Amino acid sequence: MNPYKTLAEPILAAYHGLAPEDLDFGPPPKLEVGDVALRTFVAAKKANMKPADFAADISVRVDFGSRVISVTPAGPYLNFRLNRGVFAREMLSAILSEREHFGSGGSGAGKTLLIEHTSINPNASPHVGRARNAMYGDSLTRLFRFEGYDADVHYYVNDIGRQIGLLVLHAANIQDMVFDEVLDAYVEANARAERDPEFAEKGYELLAKMEEGDPETAQRFHDVTELCLKGQLEVLGRLGIAYDQFDRESKYLKDSRLDEVLEALRKNDAVFTDEEDRLVVDLSKIGHKRDEGRYFVLMRANGSSMYGFRDLAYTIDKMEKGADVNLWVLGEDHKLYAEQLTLILRAAGKVAPEPTYYAHILLKEGRMSTREGKVVLLSDFLDEAASRAAEKVERQCTDLSPEERGAIAEKVAISAVRFAILRVSPNKNVIFDWESSLSFTGDTGPYVQYSCARINSILRKFGEVPGELHGEIPLDHDSEWTLMTKLASFPDTVASALERRNIAPIAQFALDTARFFTTFYHDCPVLMAETEEQRTARAQLCAATLRTLTNALGILGIEALERM
RNA sequence: GCGCCCGUAGCUCAGUCGGAUAGAGCAACGGCCUUCUAAGCCGUGGGUCGGGGGUUCGAAUCCCUCCGGGCGCGCCA
């Protein structure tokens, strides 16, 4: 599929001692210079020649056959002018025959992925910051599934803990509340605990009662968290995010596997009871290098367990399922925590999951905080996106039924929201801005969808596109070539995204492809092409582009639209 | 203070396992709908790649250092 591989063979045959990876092929800075460029720095060194001399030497010594029209040295570079028709056939054939698998390396066949993401505290409606975890995790899952992995998506439900206790105490009538009211109750409960130590103390008491297994308390905790979880899943579901397993934290309160861990820690002399009667791990005994973050508390003086203690049991549970890849999507604030957990697990002779971090989405005023109510709710964000999209669709798609228009508007809204968040590298902070994240023009999801709608429009009028290609395909216009080589690079993009556990390159790829398609669209008429062969070839290029974009958007969790 | 991440155009971001004149979008200005969807296209202006050192034939990319921002560092989860 990589169109450059076939150029390497005659060079390798002519010069001994060169390996394929020494030949650094890539796109030239401008198409006027050539279709493909070879950087000779590495290979020249091996051949014991100056780069410029080596480039010149290749150009006179090597015969590339009919696939190459001309080879021109330019200093240390060697520029190839290709027989584009031949390359076009090979690239388009691959895309049109591999279809929904085009781009997948297939390396996940027979392998499994266990991924935990989102895991929002069930105490309120999710905000945009949390959504980065959910979207990033969901798209990673889609990426691995695309590669052939059998994925199992886990959601850890933090159904115990202080925050739930306070909520239960404060909102006695929780069963009568609707989900959207819970956030206010949660904010009030925290404010109250802040100024009223007695109330806060009651929260801990309730927590202890819960852990002792008091059935009535357990029921109340369950009711609150169930209401919240359902509400959260509804909002996330709108974005196309779904889970296979919900693991309730309360299930891991008394887990026998923790005894093993404690045993191992004791052997390392790494666990002790401190002056305030808490059970604490000294991580410096098991590999932690610095003083900061050295201590890790497992249990409070009253015997109730800390989050991390339960999470140890949960993590062991996940790992015992034996997946080939175990991913754990975490905000960057969890970095030290994950390292601490990993050290403890290792000390106990267990393996830890592979964490993948993302930086926070910030408001201009600072970090979002559910506890303080300083948030942009995901549902509000989606509603606003949907209403803006609906307005646009009303004006644009007058020939469609209201139902069809509504469906399109929702899909455009989701596309704008998901794309805006996923296209940024996960290790970068994002300053949340309504306008830029809800834009439908420029570098956006809707722009990519719009390209798909245009292709669909052409293909509807064209009819059946032949899947077979023979001989030299008459696609030699620069904008056809640029588009085609971009499509051909999709497998490499997917491979790199998988390796780096980064979705952003996929979004960038979709954007570039859509842009190159649009240039082609303006330069090269499809239906009104000059010859029948050209008409067919361009329709095939359209079909290949749509196929590739659909696959890329699929990883992003965005639907390619027929019309918009 | 210590550790990790980030700093590229007025704004939001690509590009970072070193390679030819640093790329998009938004915003600004000027054009383009009797030809496949104007959510579009073409053009103009806009950059000390945070500062300074170093390594290299070659640095936005690697190393050191300083500055600025984010995150974390013993009974939140």
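Chain A is the first sequence line, chain B the second, and so forth, proteins listed ahead of strands; every chain is numbered from 1. Model, not experiment: these values are computed from the prediction.
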Which one, [options], comes nearest to the side chain of [X]?
X         : options                   : answer
Asn427(A) : rG72(B), rC6(B), rU21(B)  : rC6(B)
Leu336(A) : rG72(B), rC6(B), rC75(B)  : rG72(B)
Thr518(A) : rA14(B), rC41(B), rU37(B) : rC41(B)
Arg278(A) : rA39(B), rC75(B), rU12(B) : rC75(B)
Arg290(A) : rG1(B), rA77(B), rG3(B)   : rG3(B)
Lys335(A) : rC41(B), rA38(B), rC4(B)  : rC4(B)
Lys428(A) : rC76(B), rA77(B), rC6(B)  : rC6(B)
Asp333(A) : rA39(B), rC71(B), rG74(B) : rC71(B)
Asn429(A) : rA20(B), rA39(B), rG69(B) : rG69(B)

task = Check the chi torsion on rC67(B) and let me know: syn if it falls within 90° of 0, anti if not.
result = anti
query = Is the base of rG18(B) syn or anti, if syn means a glycosidic angle within 90° of 0?
reply = anti
Face-to-face stacking of [X] with [N], centres under 5.5 angstrom, angle under 30°:
X         : N       : answer
Tyr295(A) : rG74(B) : yes
Phe296(A) : rG74(B) : no
Tyr447(A) : rA39(B) : no

request  = Flag this pair as yes if the NZ/CZ of Arg132(A) is under 6.0 angstrom from the six-membered ring centre of Tyr358(A) and inside a 45 degree cone about the axis; otherwise no.
outcome  =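 Arg132(A) over Tyr358(A) ring: no.
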message = Dot-bracket, 5' to 3', for RNA chain B please: Watson-Crick or G-U pairs under 3.5 Å, [ ] where pairs cross earlier ones, | where the partner sits on another strand, dots elsewhere.
response = (((((((..((((.....[...)))).(((((.......))))).....(((((..]....))))))))))))....
query = Between Tyr156(A) and Phe246(A), does the ring centroid distance fall short of 6.0 Å?
reply =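 Tyr156(A) vs Phe246(A): aromatic centres not under 6.0 Å.
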Under 3.5 Å, which donor-acceptor pairs link side chains of residues 203-210 of chain A to any protein atom two or more places apart or in another chain?
none

